[in-house]
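Here the structure comes first, spelled out in structure tokens, and everything after it is commentary.
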Amino acid sequence: MYIKPIQVLFNCSKLSDQNQDLLTNAVLRLRRGQDEQAMELLYRTYSRSMLTLSYRITNDLQESEDILQESFLQAFSKIRQLREASSFQPWLRRLVVNNSLRSRKKQLYYEEPSLLPNLPDEDTSLWYESMPPELIKQAIQALPAGCRTVFTLYLMEDYKHREIADTLGISLSTSKSQYRYALKFLREKLAPYRSKIHNGAL
Amino acid sequence: MNNFEKHLREHKKDYQLQEVNPKIWEGIKSAQAKQKPSVLRRLKPWQVAATVLLVLTGTFLLWQQPAPNLSASLLQEYGFDASQPKLVARAVANELAATPVPKLYQEDYLNMMAALKALDTRYAPVLKELDQEDVSEFTERQALNYYRRKVDLMTGLIRELTILKNNEKRYAKDETDYEPAI
């Protein structure tokens with residue numbers, strides 16, 4: 001039975017070398033001219049993660065959907081500017097981040113570290129392992145905008161603090177302190193569920 | 001990085017949004033459908049090669065026409081010394097045909113060749129006039145102007161291609177950190 005490349009990709013949780021080759025090939029095909037199949041493959045592969053990224057910055061799903069569409073259109077129309085086909089994903093991610101921040105940058109605020117809840121940094125128990133992902137997702141979304149953006153870029157998107165500081169126009173120390181704040185905030189937000197999980201109520 | 005952070009990073013896919021609105025893809029598709037690709041971008045590599053060959057053959061055939069009887073003073077004025085401009089142009093065209101074109105610049109190269117072809121078409125009637133017995137100075141100047149411009153364009157193209165080819169490896173190396181400005 002013939003399996004479409006898209007199906008192959010979705011059947012794998014992590015991109016194998018072969019799948020990465022498929023994507024690189026799709027970018028190369030797209031650079032040669034319009035190729036709807038190549039566009040669809042790239043879109044299906046990256047749309048979910050890019051929408052999530054934008055949503056974490058804007059906290060507005062409808063706005064993020066517009067940003068996603070705009071970013072893909074930009075990427076497809078400017079794909080010839082991308083010299084290295086294998087770097088499509090970081091390039092697209094940069095587009096999504098820039099487009100998401102464009103309207104939100106001035107609205108991002110960064111709470112003072114002195115206002116942070118006083119929680120220990122390290123936790124020896126592995127309480128989070130049985131925490132339903134949906135609860136963690138909600139807790140991330142409930143983070144204050146500034147530290148949620150820092151947290152997303154650092155932990156979820158593998159940015160360095162220096163890159164985050166440059167992207168958001170903040171200092172290196174603000175980026176680090178906001179990230180620490182995000183972690184503490186998450187643990188505090190999830191704390192009520194810990195006992196429920198412990199008692200088997202969740 | 002503590003265990004909690006590691007856990008979040010390892011399971012980040014579980015925290016993604018569940019689905020993407022299908023209307024987004026429909027919007028992208030319809031927006032793309034409105035943008036018609038250029039003829040050049042739709043060509044396959046063998047078609048590109050055939051086009052280049054056709055352009056070069058056409059240009060070559062044009063130069064095969066009998067050499068016009070141009071006055072020595074005008075030749076000198078246009079920088080051809082005593083040599084026939086047709087021969088000079090042919091030599092440069094041969095050199096251009098032998099110059100390798102870096103992959104990244106194939107389209108720019110084809111655009112340039114198309115511009116050269118347009119120049120040939122524009123000046124074809126003038127070159128035809130040179131075959132007649134009584135050729136005016138105006139026609140001679142037009143023909144020489146054509147040869148001069150063509151030789152200069154091709155020489156410039158060879159120079160640029162050589163520079164690009166020489167730096168191709170360096171560009172490829174730089175690409176690892178490449179992030180195009182948007």
Side-chain angles (χ1 to χ4, degrees), chain A residues 13-14 31-34 36 39-40 43-44 47-53 55-56 61-62 64-66 68-69 72-78 80-84 87 90-91 94-95 98-99 121-129 131 133-134 136-137 140-141 151 155-158 183 186-187, chain B residues 1-48 102-108 110 168 170-182:
Chain A
S13 58
K14 203 171 180 180
R31 275 165 53 162
R32 274 186 234 123
Q34 273 203 3
E36 196 182 307
M39 280 193 280
E40 190 171 1
Y43 176 79
R44 300 282 175 215
S47 57
R48 211 174 120 206
S49 60
M50 294 300 155
L51 182 64
T52 306
L53 167 61
Y55 180 53
R56 292 228 175 96
L61 189 58
Q62 200 170 353
S64 293
E65 287 178 349
D66 291 343
L68 182 73
Q69 185 165 327
F72 267 101
L73 283 171
Q74 270 182 339
F76 291 153
S77 65
K78 295 182 178 185
R80 297 179 70 79
Q81 290 182 12
L82 183 70
R83 289 193 196 165
E84 189 63 50
S87 61
W91 183 56
R94 173 69 70 174
L95 281 173
N98 286 348
N99 288 335
D121 282 334
E122 183 58 274
D123 201 337
T124 48
S125 70
L126 301 175
W127 55 272
Y128 41 80
E129 289 201 337
M131 185 71 69
E134 199 55 39
I136 296 182
K137 208 158 79 174
I140 293 172
Q141 213 57 39
F151 170 84
L155 198 69
M156 302 296 182
E157 302 299 330
D158 302 331
L183 286 176
L186 281 181
R187 282 166 46 210
Chain B
M1 189 173 279
N2 65 32
N3 291 333
F4 181 44
E5 291 169 86
K6 281 179 198 160
H7 176 83
L8 291 175
R9 185 168 269 180
E10 281 166 14
H11 293 83
K12 62 183 176 185
K13 287 207 167 167
D14 298 339
Y15 314 135
Q16 286 184 354
L17 292 168
Q18 287 304 314
E19 55 185 32
V20 181
N21 187 342
K23 282 183 183 171
I24 302 173
W25 171 239
E26 294 303 319
I28 292 171
K29 256 202 316 190
S30 63
Q32 285 292 318
K34 285 176 192 163
Q35 295 175 0
K36 285 188 177 175
S38 71
V39 176
L40 273 177
R41 287 187 187 184
R42 277 181 286 168
L43 292 178
K44 291 187 166 62
W46 67 268
Q47 289 172 317
V48 172
K103 274 184 190 175
L104 281 172
Y105 302 95
Q106 285 283 355
E107 189 177 332
D108 294 335
L110 287 178
E168 202 172 27
R170 186 166 65 81
Y171 292 152
K173 197 181 168 188
D174 289 348
E175 276 169 19
T176 48
D177 295 328
Y178 178 74
E179 266 179 15
I182 302 297

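Labels below follow one simple rule: chain letters A, B, ... track the order of the sequence lines, proteins then strands, and each chain is numbered from 1.
- For the atom pair A:L186 CG and B:E5 CD, the distance stands at 10.5 Å (nearest 0.5 Å).
- Between A:R48 and B:L17 the shortest heavy-atom distance is NE-O, 2.6 Å.
- Residues A:E36 and B:Q32 have side chains not in contact (no heavy-atom distance under 4.5 Å, counting atoms from C-beta outward).
- For A:L53, no part lies under 4.5 angstrom from a heavy atom of chain B.
- Looking only at heavy-atom pairs under 4.5 Å with chain B, the residue among A:R56, A:Q69, A:M39 that has the most is A:Q69.
- The salt bridge (charged side-chain N to carboxylate O under 4.0 Å, His left out) search around A:E65 returns none, not counting sequence neighbours.
- For the set B:N21, B:D14, B:I28, B:L8, the entry with the most heavy-atom pairs within less than 4.5 Å of chain A is B:I28.
- Nearest approach of B:Q18 to A:K137, heavy atoms of both residues: NE2-NZ, 3.6 Å.
- In this view, B:H7 and A:Y128, A:E129, B:H11, B:Y15 satisfy the side chain to side chain contact (heavy atoms under 4.5 Å, CB included) rule, not counting sequence neighbours.
- Taking both residues in full, the closest heavy atoms of B:R9 and A:L155 are given as NE-O, 3.1 Å, listed atom of the first, atom of the second, then distance.
- A:S49 and B:Q16 get closest at one heavy-atom pair: CB-NE2, 3.3 Å.
- Shown here for A:L183 and B:F4, the closest heavy-atom pair between the two residues is O-CE2, 4.1 Å.
- Side chains of A:F72 and B:I24 form no contact here, defined as non-hydrogen atoms less than 4.5 Å apart.
- Within the 4.5 angstrom heavy-atom criterion, no atom of A:D66 approaches chain B.
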